[in-house]
4 protein chains.
Amino acid sequence: MNQISGDRNSTVRRDNRLETVLDSAARCFCERGYDAASMRDIARDAGMKAGSLYYHFSSKSELLVAVHEEGIRRITALVKAALVKPGSPRNRLEAAMVAHLEALLGGGDYAQVVIRELPEMSDEQRSRLIGLRDDYEDIFKSLIDALPLKDARARRHLRLLLFGALNWTRTWYQPGDETPGDIASGFLDLIKQR
Amino acid sequence: MNQISGDRNSTVRRDNRLETVLDSAARCFCERGYDAASMRDIARDAGMKAGSLYYHFSSKSELLVAVHEEGIRRITALVKAALVKPGSPRNRLEAAMVAHLEALLGGGDYAQVVIRELPEMSDEQRSRLIGLRDDYEDIFKSLIDALPLKDARARRHLRLLLFGALNWTRTWYQPGDETPGDIASGFLDLIKQR
Amino acid sequence: MNQISGDRNSTVRRDNRLETVLDSAARCFCERGYDAASMRDIARDAGMKAGSLYYHFSSKSELLVAVHEEGIRRITALVKAALVKPGSPRNRLEAAMVAHLEALLGGGDYAQVVIRELPEMSDEQRSRLIGLRDDYEDIFKSLIDALPLKDARARRHLRLLLFGALNWTRTWYQPGDETPGDIASGFLDLIKQR
Amino acid sequence: MNQISGDRNSTVRRDNRLETVLDSAARCFCERGYDAASMRDIARDAGMKAGSLYYHFSSKSELLVAVHEEGIRRITALVKAALVKPGSPRNRLEAAMVAHLEALLGGGDYAQVVIRELPEMSDEQRSRLIGLRDDYEDIFKSLIDALPLKDARARRHLRLLLFGALNWTRTWYQPGDETPGDIASGFLDLIKQR
DNA sequence: GATGAATGAGTTTTCATTCAT
DNA sequence: CATGAATGAAAACTCATTCAT
């Protein structure tokens with residue numbers, strides 16, 4: 001999972017150390033949290049020296065921003081891919097939930113960083129990340145708007161209920177438990193139909 | 001040395017410095033997270049110097065443990081107090097949810113620390129805290145078991161759904177939004193009756 | 001000259017490590033220049049570890065500011081002391097020049113820091129130091145104003161000529177050369193009387 | 001490898017990149033000082049990457065030496081050019097002073113580097129630079145020797161007075177002030193005729 | 001009880017330099 | 001000629017902790 005000198009195919013880009021660095025940062029931020037993960041930790045994981053990281057990223061917080069951006073890109077792609085198949089509003093919501101959970105629980109360091117609390121950072125960085133997160137959440141907003149729910153208040157509560165519950169799985173989920181599909185349908189089955 | 005409310009028997013409580021320290025630690029851990037909060041931050045907040053903290057607590061992680069214990073004690077007390085009045089299973093669950101949210105959203109630094117990710121600490125400390133958390137969650141487990149739900153799997157999912165959604169509120173709640181009561185009933189209204 | 005555990009007298013303040021630190025900083029800034037002097041250098045000279053310096057000064061640049069302030073305090077005191085005796089305007093100017101040179105050439109690390117180029121620092125710090133320098137130069141301004149010189153332009157030029165020449169001595173003076181008194185009178189003897 | 005104007009024989013001067021590098025180094029050393037100027041700063045100013053500098057110069061200190069050499073070559077040429085016209089000893093001295101000031105104050109990064117304090121460098125480099133500086137100062141020595149001054153001591157003091165004052169101008173001169181000519185004649189007018 | 005002073009190990013970051021391409 | 005990528009050493013600074021007073 002951490003191919004340092006990975007030989008993916010043949011002609012592909014060698015020396016994509018930047019990707020390696022990003023992967024290592026994601027892993028460390030995910031395992032230890034932003035503050036507890038040191039640049040040395042990340043560098044060691046990436047097979048380089050701490051100073052070398054600064055060739056690719058100008059600061060630790062820029063690294064976090066980059067991991068975040070990549071994380072949102074990935075989870076957005078996964079969820080959108082799960083939505084290409086048509087289906088009932090409820091089925092589409094469930095598909096998105098499953099994709100979200102798979103990204104979160106299936107070894108995805110990036111996804112877990114995305115839903116973590118943001119550490120102290122510059123306002124510019126902060127609002128950039130919050131914007132990305134909001135864009136992502138909008139996907140769920142539309143999915144829920146498509147459901148036959150009485151009022152806006154209920155739709156809002158449903159979104160917050162499901163999104164919170166999904167993100168919180170991270171704190172209790174053990175691989176070997178149920179599958180993401182089990183969890184998503186388990187959650188949805190508890191919800192009133194209209 | 002760090003019993004929190006050790007001697008309430010005397011009318012004049014001494015050791016109110018210890019309470020101050022604990023309050024400051026709760027506030028700092030809550031605002032910045034355990035790793036980003038420094039002993040100096042906590043000391044400054046408490047109006048003392050960093051070294052003085054060690055008179056009351058032998059290490060930073062002991063401070064975290066103490067805040068945790070006090071936090072669980074408080075939220076448990078609040079929730080239990082909300083459950084003294086009898087009522088239908090559903091009403092009792094809602095009352096507990098409201099109490100939980102009030103502890104979490106109503107300026108409660110302690111409560112917010114309790115639901116945060118645990119930093120790296122000794123196994124002994126970790127399992128102690130996890131035990132306390134589990135005890136607390138058991139209250140909700142019983143409340144849900146009292147509901148007329150078909151099977152154990154649904155009950156487990158309901159618990160995880162509600163608990164996750166409640167704890168996640170902290171990431172989006174803004175004071176001035178709805179009240180904890182609004183949120184709790186909003187969430188519960190979405191749940192199927194059986 | 002660098003008494004680390006100096007036992008000046010008997011009852012005097014022990015643990016004036018802050019003064020020790022300031023002395024060491026003055027020495028290092030003087031010998032190597034601000035940028036080339038490291039906090040470790042200064043700490044080693046002061047007989048402590050680098051981190052300990054931060055107990056006394058919050059940053060390297062604050063240390064420089066403090067050395068500067070102390071340096072100006074000292075040289076101002078020396079020059080003012082040299083001016084308590086009355087005398088002709090010319091004699092008073094010469095006395096001030098001698099005092100300035102003695103501070104500069106007689107092993108005075110502080111004085112040499114004061115006349116050095118300022119490194120990059122915050123505007124606030126910079127203007128504070130420039131203010132102190134200006135106050136000091138005003139002493140020479142008044143001394144020269146007391147001379148029987150035709151016009152303001154000549155007075156300004158005389159001040160810049162003498163002040164520049166005095167400060168430049170630092171680059172060529174070797175102990176064992178002439179005394180500060182020789183230099184000052186040598187310079188003044190070259191100047192027209194009116 | 002770092003001859004500056006190596007092959008002017010060919011009409012197309014190659015190596016104009018080397019000149020660019022030298023200019024950038026002069027600018028950075030002048031603005032920030034040797035220690036505070038980084039190779040990256042210089043490279044950025046020259047429009048290249050840090051590593052590329054090493055094609056032209058084998059080290060940062062070699063760059064300083066080269067800037068120094070070029071600086072002395074330039075200021076020497078300027079002063080010598082100002083001395084081709086014949087004139088009274090006093091007029092010749094004034095002409096040299098004006099040329100020196102023009103080099104120093106007229107945007108001349110090279111000249112300002114030449115009069116800056118030398119950083120720590122190898123003895124070999126240091127004595128080479130000091131030799132060049134001395135050669136340059138000898139021009140002023142001869143000019144002053146041509147004046148009708150009583151004794152060697154006075155001549156020495158006059159040289160040190162004027163040279164110091166001229167070099168110190170850099171610390172107070174603001175473009176828009178007087179011209180170099182004004183300053184030079186202002187200084188000289190203060191000096192006794194014999 | 002509390003603090004002033006220090007420490008040592010750590011942090012993030014910078015920088016001159018190297019070298020294969 | 002130039003650069004992308006790295007390195008190792010050192011920079012400034014932080015921090016949990018200790019301890020004599």
Side-chain angles (χ1 to χ4, degrees), chain A residues 14-18 20-21 35-43 46-63, chain B residues 1 14-18 20-21 34-43 46-63, chain C residues 14-18 20-21 35-43 46-63, chain D residues 1 14-18 20-21 34-43 46-63:
Chain A
R14 179 57 38 78
D15 70 348
N16 258 38
R17 306 304 307 276
L18 195 145
T20 308
V21 169
D35 287 298
S38 78
M39 292 299 269
R40 273 212 244 294
D41 291 336
I42 296 169
M48 26 171 52
K49 298 305 162 69
S52 312
L53 297 176
Y54 288 81
Y55 180 78
H56 302 284
F57 297 92
S58 62
S59 70
K60 190 182 174 187
S61 63
E62 279 298 330
L63 239 184
Chain B
M1 190 165 286
R14 59 188 33 138
D15 252 359
N16 66 334
R17 298 295 295 155
L18 194 148
T20 307
V21 169
Y34 177 78
D35 288 299
S38 76
M39 291 297 270
R40 264 176 185 72
D41 290 337
I42 297 168
M48 33 171 63
K49 297 303 159 60
S52 315
L53 297 177
Y54 289 81
Y55 181 82
H56 303 285
F57 296 91
S58 63
S59 74
K60 191 182 174 188
S61 63
E62 280 298 328
L63 243 183
Chain C
R14 180 56 39 76
D15 70 348
N16 257 38
R17 306 305 306 278
L18 194 145
T20 309
V21 169
D35 287 298
S38 78
M39 291 299 268
R40 273 213 243 294
D41 290 338
I42 296 169
M48 26 170 53
K49 299 304 162 65
S52 312
L53 296 177
Y54 289 83
Y55 180 79
H56 302 283
F57 296 92
S58 61
S59 71
K60 190 183 174 188
S61 64
E62 280 297 330
L63 240 184
Chain D
M1 187 165 288
R14 56 188 35 137
D15 251 0
N16 66 336
R17 300 293 296 153
L18 194 147
T20 308
V21 168
Y34 176 77
D35 288 298
S38 78
M39 291 298 269
R40 263 176 185 75
D41 289 337
I42 296 168
M48 33 172 61
K49 298 301 160 64
S52 314
L53 297 177
Y54 289 81
Y55 180 82
H56 303 287
F57 296 91
S58 63
S59 72
K60 190 183 175 188
S61 63
E62 279 298 328
L63 243 182

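In what follows, chains are A, B, ... by sequence order, proteins preceding strands, each numbered from 1. We use all heavy atoms of the structure for the numbers below, so side chains are in, but hydrogens, waters and symmetry mates are not.
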[X] vs [N]: side-chain N/O to OP1/OP2 distance below 4.0 Å:
| X | N | value |
| --- | --- | --- |
| Arg17(B) | dG1(E) | no |
| Arg40(C) | dA10(F) | no |
| Lys49(C) | dA6(E) | no |
| Ser52(C) | dA5(E) | no |
| His56(C) | dG4(E) | no |

Gap between atoms [atom1] and [atom2], on [X] and [N] respectively (whole Å):
| X | N | atom1 | atom2 | value |
| --- | --- | --- | --- | --- |
| Tyr55(B) | dT3(E) | OH | P | 13 Å |
| Lys60(D) | dT18(E) | NZ | P | 15 Å |
| Leu53(A) | dA5(F) | CG | P | 14 Å |
| Asp35(A) | dT14(F) | CG | P | 15 Å |
| Asp41(B) | dT14(F) | CG | C1' | 11 Å |
| Tyr54(D) | dT7(F) | OH | P | 17 Å |
| Phe57(D) | dC1(F) | CZ | P | 13 Å |
| Glu62(D) | dT18(E) | CD | P | 12 Å |

**OP:** Hey, which sits more toward the 5' end of DNA chain F by its nearest nucleotide, Ala37(C) or Met39(B)?
**Re:** Ala37(C)

Original post:
If each of Val21(A) and Ser59(B) is mapped to the nucleotide of DNA chain F with the nearest heavy atom, which maps nearer the 5' terminus, i.e. the 5' end?
Top reply: Val21(A)

Original post:
Which residue, Gly51(C) or Ala36(A), contacts DNA chain E at a nucleotide closer to its 5' end, judged by nearest heavy atom?
Top reply: Gly51(C)

Original post:
Closest nucleotide of DNA chain E for Ala50(A) versus for Met48(B): which of these residues is on the 5' side?
Top reply: Met48(B)

**OP:** Could you check if a side-chain atom of Phe57(C) sits within less than 4.5 angstrom of a side-chain atom of Leu18(C), using non-hydrogen atoms only?
**Re:** yes

Closest contact, heavy atoms only, [X] versus [Y]:
| X | Y | answer |
| --- | --- | --- |
| Ala36(D) | Asp35(C) | CB-OD2, 3.5 Å |
| Lys49(C) | Ala43(C) | C-CB, 3.6 Å |
| Ile42(D) | Val21(D) | CG2-O, 4.2 Å |

Subject >> Nucleotide opposite dA6(F) in a Watson-Crick or G-U pair, distances under 3.5 Å >> reply: dT17(E)

Subject >> Arg17(A) (side chain) donor-acceptor with His56(A) (main chain) under 3.5 angstrom >> reply: no

Original post:
Which is true for Ser38(D) with a 4.0 Å heavy-atom rule: it touches a base, it touches only sugar-phosphate, or it touches nothing?
Top reply: sugar-phosphate

